There are 2 protein chains.
Amino acid sequence: MPAMHIFDGLLGYQIRRLSLVVMADLADALAPLSLRPAEASVLFAIEANSGLTQSELGRMLGIKRANMAPLIAGLESRAAITRDAVDGRSQALHLTEEGKALHARALAVTQAHEERCFGSLANGERLRLARELNQLWACRGESVDEG
Amino acid sequence: MPAMHIFDGLLGYQIRRLSLVVMADLADALAPLSLRPAEASVLFAIEANSGLTQSELGRMLGIKRANMAPLIAGLESRAAITRDAVDGRSQALHLTEEGKALHARALAVTQAHEERCFGSLANGERLRLARELNQLWACRGESVDEG
DNA sequence: TATTGTTATACTCTATAACTATA
DNA sequence: TATAGTTATAGAGTATAACAATA
């Protein structure tokens with residue numbers, strides 16, 4: 001096996017490789033629900049913040065309006081969410097009963113996935129690492145949609 | 001700002017968000033060299049392992065043969081690398097003089113990028129984190145190309 | 001038979017720009 | 001003027017399948 005140590009100290013490289021492995025695992029786990037990772041994150045965010053708008057959701061998840069539109073349309077066409085006009089231009093998002101059931105299944109799948117990918121870390125270690133990673137991006141400008 | 005704490009403990013989510021921010025920074029930094037992150041990683045790997053083949057390179061970087069082909073073709077058409085037949089089917093990869101110069105510039109850009117993204121961590125912390133992340137994916141099966 | 005490299009193609013997610021409608 | 005939502009389009013990276021040539 002060739003020497004890899006060039007990338008050993010490159011944090012950006014390690015983060016990218018890990019992200020690929022982890023997201024592939026999650027995508028596989030969600031596939032039986034016909035859900036993609038981005039769609040699952042939308043379900044989680046709506047469940048926890050019922051009534052928020054598409055724009056708020058996008059800012060929360062770092063997804064641009066232009067990319068949020070088809071995501072939401074897809075979930076609505078599956079009757080997982082509803083849109084209630086609140087403003088004439090804004091629409092409040094809610095989970096339907098089917099949406100809640102789907103959310104519950106996605107949550108279970110996601111927790112099993114976390115266990116599969118990070119089970120080698122103790123609970124305290126996991127939380128510490130999550131916070132450490134969070135600080136490295138959450139402090140950023142976070143524009144997301146100023147175009 | 002809506003409550004985000006749903007994702008606070010989800011390591012997969014934190015890794016993905018961080019990866020996006022970090023890779024966007026690297027892509028911007030490499031753009032003036034007309035290099036994409038994947039191409040830069042190829043330059044780094046060839047520089048450190050001169051003479052390796054495309055397949056070896058792919059296994060090292062987790063890039064499939066099918067996706068490696070156009071990457072290598074692009075770098076060769078820019079005269080950054082050469083291919084010397086070694087086998088009739090395998091080809092040894094080397095950096096040209098232009099390729100070495102490009103590698104040097106890419107390395108400087110990447111180091112500045114690491115400093116920009118992870119400068120808030122002490123050197124020891126950075127290495128510890130890099131090793132922690134590495135362990136979470138490097139232990140995996142690592143098939144990459146058994147199809 | 002297994003491996004190397006190539007081509008074609010599809011998918012996920014992101015990004016930008018332009019547009020309508022509303023506040 | 002600024003915001004909400006939509007559409008169209010392009011880009012980077014990944015994945016699979018099939019193929020030719022070689023070992």
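Treat the numbers as computed from the prediction; the structure is a model and nothing was measured. Any value given below was found using the heavy atoms of this structure, including those in side chains, with hydrogens, waters and symmetry copies removed.
The side chain of Lys64(B) contributes an N or O atom lying less than 4.0 Å from OP1 or OP2 of dA15(D).
Partners of Glu98(B) according to the side chain to side chain donor-acceptor pair (under 3.5 Å) rule, which considers only residues two or more places apart in sequence or in another chain, do not exist here. Judged as a side chain to side chain contact (heavy atoms under 4.5 Å, CB included), and not counting sequence neighbours, Gln135(A) has no contacts. Partners of Glu76(B) according to the side chain to side chain donor-acceptor pair (under 3.5 Å) rule, which considers only residues two or more places apart in sequence or in another chain, are Arg83(B). Listed by chain and residue number, Asp25(B) satisfy the side chain to side chain donor-acceptor pair (under 3.5 Å) test with His113(B) (two or more places apart in sequence, or in another chain).
Taking atom CG of Leu26(A) as the reference point, atom P of dT12(C) lies 13 Å away to the nearest angstrom. As a whole-Å value, the separation of Leu57(B) CG from dT6(C) C1' is 16 Å. Rounded to whole Å, atom P of dT6(C) lies 14 Å from atom CD1 of Ile63(B). The CG-P distance, from Asp84(B) to dT4(C), rounds to 18 Å in whole Å. dT12(C) atom P lies 13 Å from atom CZ of Arg16(B), rounded to whole Å. For the pair Met60(B) CE and dT4(C) P, the interatomic distance rounds to 16 Å; values are reported in whole Å. Between Glu76(B) atom CD and dT6(C) atom C1' the separation is 13 Å, expressed in whole Å. A straight line from CG of Leu52(A) to C1' of dT3(D) spans 16 Å, rounded to a whole angstrom.
For residues 26-37 of chain A, the pairs satisfying side chain to side chain donor-acceptor pair (under 3.5 Å) are Arg36(A)-Glu39(A), with sequence neighbours left out.
Using a 4.0 Å cut-off between a side-chain N of Lys or Arg and a carboxylate O of Asp or Glu, Glu56(A) and Arg59(A) do not qualify as a salt bridge.
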Output one line per pair: protein atom, nucleotide atom from nucleotides 4-11 of chain D, and distance, for all N/O pairs under 3.5 Å.
{"from": "dA4(D)", "atom 1": "O3'", "to": "Arg89(A)", "atom 2": "O", "distance (Å)": "3.1"}
{"from": "dG5(D)", "atom 1": "OP1", "to": "Gln91(A)", "atom 2": "N", "distance (Å)": "3.0"}
{"from": "dG5(D)", "atom 1": "OP2", "to": "Ser55(A)", "atom 2": "N", "distance (Å)": "2.8"}
{"from": "dG5(D)", "atom 1": "OP2", "to": "Ser55(A)", "atom 2": "OG", "distance (Å)": "2.7"}
{"from": "dG5(D)", "atom 1": "N7", "to": "Arg65(A)", "atom 2": "NE", "distance (Å)": "2.8"}
{"from": "dG5(D)", "atom 1": "O6", "to": "Arg65(A)", "atom 2": "NH2", "distance (Å)": "3.1"}
{"from": "dT6(D)", "atom 1": "OP1", "to": "Arg83(A)", "atom 2": "NH1", "distance (Å)": "2.7"}
{"from": "dT6(D)", "atom 1": "OP1", "to": "Arg83(A)", "atom 2": "NH2", "distance (Å)": "3.4"}
{"from": "dT6(D)", "atom 1": "OP2", "to": "Gln54(A)", "atom 2": "OE1", "distance (Å)": "3.2"}
{"from": "dT6(D)", "atom 1": "OP2", "to": "Gln54(A)", "atom 2": "NE2", "distance (Å)": "2.7"}

